[in-house]
Amino acid sequence: MTENSENRATSNSPITIHEVSPNEQSYSKFQERVSFKYGFVGLKLDKLSLTARIDEELHNQILTGEFELYDVFGIKEPNLTPNGELASYKGQFFYNEKENWYVEYTPISSIKMNKRPLKIEFTPSKVSKEHFLTVFNLLLPHLSDIACSTFHLAYDFERDLSTLKVNWPKAMYRPIYKGIKLETMDFGAPKGNYHITNYNKLKERADQGDSAEIEIYQQYENLWRIEYKFYNEGNIKKRVKKTDCLF
């Protein structure tokens, strides 16, 4: 791509605004070069899943209702076996919040599968400091053997990336169309440890976002996202040690 690529938005996008305001100090020199040359907008840690074991105190708090999770209808009730044992407890950490944390505790099935029984899933880029500290202070003292089982890195580009190609076998490529328009490309084995998803972020937010989000994204003419999705604790450890695997 050249710096004058036709796919770069030319209206009121952040890149265009910065281009006509060269004294703005919000970008480093490196960010500036990458933004103008490739249309790079930003990087986010888009999804993080942690697994852990919990102590007896938290287990009992779930059984007695002292520890509560929620769904859209209110407080969730734990699932018990006919013998009164705690089979599972799943729900949101906060009630009626857009920014949320999903918690899943499955002590019986996890023992059979030799897995950690607690799973916590959230979007770090959308987490408030207040909620982070609440979860941290309430849960962390009860957790042990913590591991990362999933994380997604999201790169946003002010480019039309519908023609992006990845040099992987065709069997690992799944295009998704809406009408005649290509909106999502998914690369990777269905049960593999590593996926790449490329999709039209502008269209996705226009279809699913609230009014505030739609207003924010209207500043772009093109906005596509590439997500690097890592799964499996062992694979993630290897990938983190090899940062060049992302490029």
Side-chain angles (χ1 to χ4, degrees), residues 13-15 17-18 24-28 30-32 34-35 40-55 57-59 61-62 65-76 89-105 116-157 197 201-202 204-205 208-220 223 225-231 233 236-237 239-240 243 246:
S13 74
I15 293 177
I17 291 171
H18 182 69
E24 181 67 46
Q25 299 299 315
S26 61
Y27 282 39
S28 69
F30 173 75
Q31 287 175 313
E32 188 177 76
V34 173
S35 295
F40 175 69
V41 175
L43 166 66
K44 295 179 179 179
L45 183 52
D46 195 54
K47 180 179 178 181
L48 186 64
S49 296
L50 304 176
T51 58
R53 304 186 189 282
I54 72 171
D55 61 18
E57 181 181 358
L58 181 56
H59 180 94
Q61 287 177 357
I62 295 173
E66 186 178 346
F67 178 83
E68 297 175 341
L69 296 175
Y70 303 88
D71 62 13
V72 294
F73 302 107
I75 297 174
K76 288 273 290 182
Y89 194 38
K90 305 175 184 180
Q92 303 288 353
F93 201 93
F94 300 102
Y95 178 59
N96 199 26
E97 290 279 351
K98 182 178 179 182
E99 172 224 317
N100 227 315
W101 302 63
Y102 176 74
V103 180
E104 178 178 300
Y105 180 52
R116 297 176 184 84
L118 184 74
K119 177 181 178 181
I120 306 170
E121 188 171 286
F122 61 101
T123 302
S125 61
K126 295 183 178 179
V127 168
S128 67
K129 181 179 179 180
E130 178 185 1
H131 281 181
F132 178 83
L133 291 176
T134 299
V135 176
F136 185 89
N137 291 329
L138 287 178
L139 279 183
L140 192 65
H142 301 285
L143 305 185
S144 61
D145 191 20
I146 303 171
C148 178
S149 60
T150 302
F151 80 88
H152 296 182
L153 285 175
Y155 294 78
D156 290 335
F157 292 89
T197 300
K201 183 65 178 178
L202 186 61
E204 184 234 17
R205 287 297 84 197
Q208 302 178 22
D210 58 27
S211 57
E213 285 183 310
I214 292 173
E215 183 177 352
I216 291 172
Y217 282 93
Q218 279 179 341
Q219 64 189 307
Y220 299 101
L223 189 67
R225 172 168 289 185
I226 300 176
E227 282 192 29
Y228 293 85
K229 301 178 179 181
F230 301 86
Y231 304 95
E233 175 194 352
I236 290 173
K237 286 181 179 178
R239 295 288 181 177
V240 168
T243 56
L246 301 179

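We count residues from 1, following the sequence as given. Source: prediction; values computed, not measured.
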Query raised in the report: Side-chain contact, heavy-atom cut-off 4.5 Å: Y105 with L58?
Result: no
Query raised in the report: Could you go step by step and tell me if F151 and F230 meet the ring-ring contact (aromatic ring centres under 6.0 Å, His included) rule?
Result: CA-CA 5 Å; F151 80 88; F230 301 86; 4.7 Å; yes
Query raised in the report: Between Y95 and E68, is a side chain to side chain contact (heavy atoms under 4.5 Å, CB included) present by the stated rule, with each step listed?
Result: CA-CA 10 Å; Y95 178 59; E68 297 175 341; over 6 Å; no
Query raised in the report: How many angstroms lie between CG in L138 and CZ in F67, if you round to the nearest 0.5 Å?
Result: 7.5 Å
Report task. Of all the heavy-atom pairs spanning L48 and P124, show the shortest one and how long it is. Result -> CB-CG, 3.8 Å
Report summary line: Taken to the nearest 0.5 Å, the spacing of K90 NZ from K76 NZ works out to 8.5 Å
Report summary line: The ring-ring contact (aromatic ring centres under 6.0 Å, His included) partner of F122 among Y102, F94, F93, W101 is W101
Query raised in the report: After noting the C-alpha distance and the side-chain angles of T51 and E233, does the key distance pass the side chain to side chain contact (heavy atoms under 4.5 Å, CB included) rule?
Result: CA-CA 9 Å; T51 58; E233 175 194 352; 5.7 Å; no
**Report entry** Side chain proximity check, I54 to L139, heavy atoms < 4.5 angstrom
**Finding:** no
Report summary line: For A52 and I146, the nearest pair of non-hydrogen atoms, with its separation, is CB-CG1, 3.9 Å
Report task. Indicate yes or no for a side-chain donor-acceptor contact from Y89 to the backbone of L69 under 3.5 Å, with no hydrogens or angles considered. Result -> yes
Query - Pairwise distance NZ(K44) to OG1(T123) - rounded to 0.5 angstrom - result: 10.0 Å
Report task. Please check if any side-chain donor atom of K229 sits under 3.5 Å from a side-chain acceptor atom of T197, or the reverse. Result -> yes
Query raised in the report: Are D55 and S144 close enough, and set up right, to give a side chain to side chain contact (heavy atoms under 4.5 Å, CB included), and what steps lead you there?
Result: CA-CA 8 Å; D55 61 18; S144 61; over 6 Å; no
**Report entry** Salt-bridge present (D145, R116; N to O < 4.0 Å)
**Finding:** yes
Report task. Kindly compute the distance separating CZ (R225) from CD (E204), expressed to the nearest 0.5 Å. Result -> 7.5 Å
Query raised in the report: CD1/I226 to CG/L153 distance, rounded to the nearest 0.5 angstrom?
Result: 12.0 Å
**Report entry** Note, H152 side chain near Y231 side chain (heavy atom, < 4.5 Å)
**Finding:** yes
Report task. Applying side chain to side chain contact (heavy atoms under 4.5 Å, CB included), run through V103 and V135 and close with a yes or a no. Result -> CA-CA 11 Å; V103 180; V135 176; over 6 Å; no
Requested in this report: Output the distance between atom CD (E227) and atom CG (D46), rounded to the nearest 0.5 Å.
Outcome: 4.5 Å
